[in-house]
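Written out below as structure tokens is the structure these notes cover.
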Amino acid sequence: MRWLLVLGLVIALFPVASEAQQCVRPYAPLCVKSFGPFDDDLEADSCRAEMVDYVNQMEDLITCLNQVGTTQASRVALDAQYEAEDMIRHYHCRSEGDTC
């Protein structure tokens, strides 16, 4: 009986954790993490398509975390935004032919 009371308290005090777990963080495309310029237009176009998907998924993650509404979720959302911006900068660096 006591464990039911403890379980009930845990569920009542920490309902946000389960909501935040439903927010899925995508992996950054490997093509963006590579160094140097793209080998050809096909590689650049393929990476661009992966980046579009990644950015869309990151926007979904940020929206989901902001809906959770906790301080921790807000911090994770801000970190996700910074990560996405960094990946976008790195993609542009590679697409301009720079060694990143």
Side-chain angles (χ1 to χ4, degrees):
M1 180 70 171
R2 180 179 281 184
W3 66 272
L4 281 175
L5 178 61
V6 172
L7 180 62
L9 284 172
V10 169
I11 291 172
L13 294 175
F14 300 104
V16 175
S18 62
E19 292 176 23
Q21 289 173 351
Q22 294 175 1
C23 302
V24 179
R25 185 181 199 112
Y27 292 102
L30 292 176
C31 65
V32 175
K33 295 181 179 182
S34 299
F35 295 99
F38 293 112
D39 292 334
D40 53 34
D41 288 343
L42 182 61
E43 183 185 13
D45 291 343
S46 175
C47 188
R48 182 183 182 286
E50 290 179 45
M51 279 298 299
V52 168
D53 288 341
Y54 168 74
V55 169
N56 288 336
Q57 291 172 13
M58 286 298 266
E59 288 173 351
D60 291 345
L61 169 68
I62 291 166
T63 298
C64 179
L65 289 167
N66 286 333
Q67 289 174 348
V68 171
T70 65
T71 302
Q72 179 65 25
S74 296
R75 287 185 190 136
V76 173
L78 190 58
D79 288 344
Q81 180 180 346
Y82 291 148
E83 178 185 320
E85 290 170 355
D86 188 48
M87 291 298 108
I88 291 168
R89 276 192 297 276
H90 199 79
Y91 168 80
H92 285 295
C93 178
R94 288 197 70 203
S95 68
E96 292 170 3
D98 294 334
T99 301
C100 307

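All values below were derived from every heavy atom in this structure, side-chain atoms included, with hydrogens, water molecules and symmetry-related copies excluded.
- Nearest heavy-atom pair, Pro37 versus Gly97, reported as atom, atom and distance to 0.1 Å: CB-CA, 3.5 Å.
- The minimum heavy-atom distance linking Ala28 with Met87 is given by the pair CB-SD, 3.6 Å.
- Interatomic distance, NE2 of His90 versus SG of Cys31, reported as 9.5 Å (0.5 Å rounding).
- Legend: residues meeting side chain to side chain contact (heavy atoms under 4.5 Å, CB included) with Ser95, ordered by chain and number and at least two apart, are Phe38, Tyr91, His92.
- Here the CZ atom belonging to Arg48 is positioned 10.5 Å from the CG atom belonging to Asp53, to the nearest 0.5 angstrom.
- Partners of Asp40 by side chain to side chain contact (heavy atoms under 4.5 Å, CB included), not counting sequence neighbours, listed by chain and number: Leu42, Glu43.
- Here Glu59 pairs with nothing under the side-chain hydrogen bond (donor to acceptor under 3.5 Å, both in side chains) rule; sequence neighbours left out.
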Review item, side-chain donor-acceptor pairs of residues 73-81, under 3.5 Å, at least two apart:
| residue | atom | partner | partner atom | Å |
| --- | --- | --- | --- | --- |
| Ser74 | OG | Thr70 | O | 3.0 |
| Gln81 | NE2 | Glu85 | OE2 | 3.2 |

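- Evaluation of the salt bridge (Lys or Arg N to Asp or Glu O under 4.0 Å) rule for Glu83 yields Arg25 as partners, not counting sequence neighbours.
- Partners of Asp60 under the salt bridge (Lys or Arg N to Asp or Glu O under 4.0 Å) rule, at least two apart in sequence or in another chain, do not exist in this structure.
- Judged by distance alone, with hydrogens and angles left aside, the side-chain atoms of Asp86 form no donor-acceptor pair with the main-chain N or O of Tyr82 at under 3.5 Å.
- For the side chain to side chain contact (heavy atoms under 4.5 Å, CB included) with Cys23, the lone residue among Ile62, Val68, Asn66 that qualifies is Val68.
- In this structure, the side chains of Arg94 and Val32 stay at 4.5 Å or more apart for every pair of heavy atoms.
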